[in-house]
Amino acid sequence: MEPWSRRSASRRSVLAVPGSSTKMLDKARGLDADALFMDLEDAVAPIAKPEARRNIVAALNEGGYGSKLVTVRVNDWTTPWTHLDVIEVVGGAGDRLDCIMLPKTQTREQVIALDMLLTQLEQVHGLPSGAIGIEVQIENALGLTNVNAIAAASDRLETIIFGPADFMASINMKSLVVGQQPPGYDVGDAYHHILMSILMAARAHDRLAIDGPYLAIRDDDGFRQVAARSAALGFDGKWVLHPDQIAAANEVFAPRQEDFDHAELILEAYDHATSTQGGARGAVMLGDEMIDEASRKMALVISAKGRAAGLVRTSVFEIPAP
Ligand code: GLV
Ligand code: MG
């Protein structure tokens, strides 16, 4: 997909696929996730990494992932693997790839280093300059402290992702249940500051904000509850670790049909109201509701998310009698 069209594509569900499993790389083709990432990092044992790189290149070249956004998660810059991950995957199948995901991102320089490596590889392999996007994971205190600088570090940056498992470990949170509130913390949401900081950095720099995994894959209610929280804040999507989580993520991160219809109605009604024909008014009533420019901006967000999720409007705007 072209970088400009990726910006408006839906990323409600982002499926994690271990690069070491040819079976799962294969199965992912037929699943209904908006996006997927082929993993070279924590789902792959150190000695299996070279083979996982080859599996990923072969799977990408075989194709068949349809309209899904396809990303490869490389290892982070503190390991010995990052450069070879990127060189081999982009060298082997760079034209089949949407983005590279950089885990445990801690500084803007780490994003710039990846950007420069991608620029050289695009030149060497005759790929359009800037074609490959970057996704960063924020997974520790230093990364969160620098999240604004990270968000601004490269034009390639498309998404900022919360990595709760590594984050919990890195700050010594007293819980092993990823996604759940830590036992003993009974005064609100222990992740609120982290989620909001990521979301603010994403919005300030026009990136997408993606929530991370929920590890209890059989707990559908728990997944929906946690997903609904980040969706309510404004996050654009969430990781799914199992095919059974896909439908829930697609549902939770898409606007409800009635909200989508209402947003479209606001846009049309406001467009009409501000026109000469509609009286060139900046604030008008729509039913019992006062709408103005701020309402239009909120409606634009819901409308864009709904369209990206494939919703079709079911209501009609009738021009009010003068
Ligand atoms: C994901 O990478 C996480 O650490 O939660
Ligand atoms: Mg992680």
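As the structure lists them, so they are numbered: ligands from 1, and atoms in each ligand from 1.
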(message) Give me the residue, atom name and distance of the protein heavy atom closest to atom 3 (C) of ligand 1.
(response) Glu139 OE1, 3.4 Å
(message) Regarding Asp166, does it place an N, O or S atom less than 2.8 Å from the Mg ion (ligand 2)?
(response)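 It does; at least one qualifying atom falls short of 2.8 Å.
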(message) I'd like to know: is the Mg ion (ligand 2) within the 2.8 Å range of an N/O/S atom from Glu139, strictly under that distance?
(response)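 It does: Glu139 brings an N, O or S atom closer than 2.8 Å to the Mg ion (ligand 2).
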Considering all heavy atoms of both residues, which atom of [X] and which atom of [Y] are nearest to each other, and what is their separation?
X	Y	result
Ala35	Arg11	CB-CG, 4.3 Å
Ser303	Glu264	OG-OE2, 2.7 Å
Arg207	Ser154	NH2-O, 3.2 Å
Phe162	Leu195	CD2-CD2, 3.7 Å
Lys68	Ala33	CG-O, 3.0 Å

(request) Using a 4.0 Å heavy-atom threshold (strictly under), name the region of Pro213 that reaches ligand 1: side chain, backbone, both or neither. (result)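 Within the 4.0 Å criterion, Pro213 contacts ligand 1 through side-chain atoms alone.
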(message) Just to be sure I read this right, does ligand 1 sit under 4.0 Å from the backbone of Trp239, its side chain, both, or neither, counting only heavy atoms?
(response)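 Just the side chain.
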Atom indices of ligand 1 within 4.0 angstrom of [X] heavy atoms, with elements:
X	value
Arg73	2 (O)
Gln137	1 (C), 2 (O)
Asp166	3 (C), 4 (O), 5 (O)
Ala165	3 (C), 4 (O), 5 (O)

(request) Flag the pair Gln137 / Leu102 as yes when at least one side-chain heavy-atom distance between them is below 4.5 Å, and no otherwise. (result)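 Of all side-chain heavy-atom pairs linking Leu102 with Gln137, none is under 4.5 Å.
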(request) For the residue pair Pro213 and Gln245, establish whether any side-chain heavy-atom pair is separated by less than 4.5 Å. (result)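 With C-beta onward as the side chain, the pair stays apart.
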(message) Taking a cutoff of less than 4.0 Å between a non-hydrogen atom of the residue and any ligand atom, is Pro164 in contact with ligand 1?
(response)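 A heavy atom of Pro164 does come that close to ligand 1.
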(message) Just to check, does Phe167 reach to within less than 4.0 Å of ligand 1 when the distance is taken from its heavy atoms?
(response) no
(request) Just say parallel, tilted or perpendicular for the rings of Phe223 and Tyr214, cut-offs at 30° and 60°. (result)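 If you compare the ring of Phe223 with that of Tyr214, the planes turn out perpendicular.
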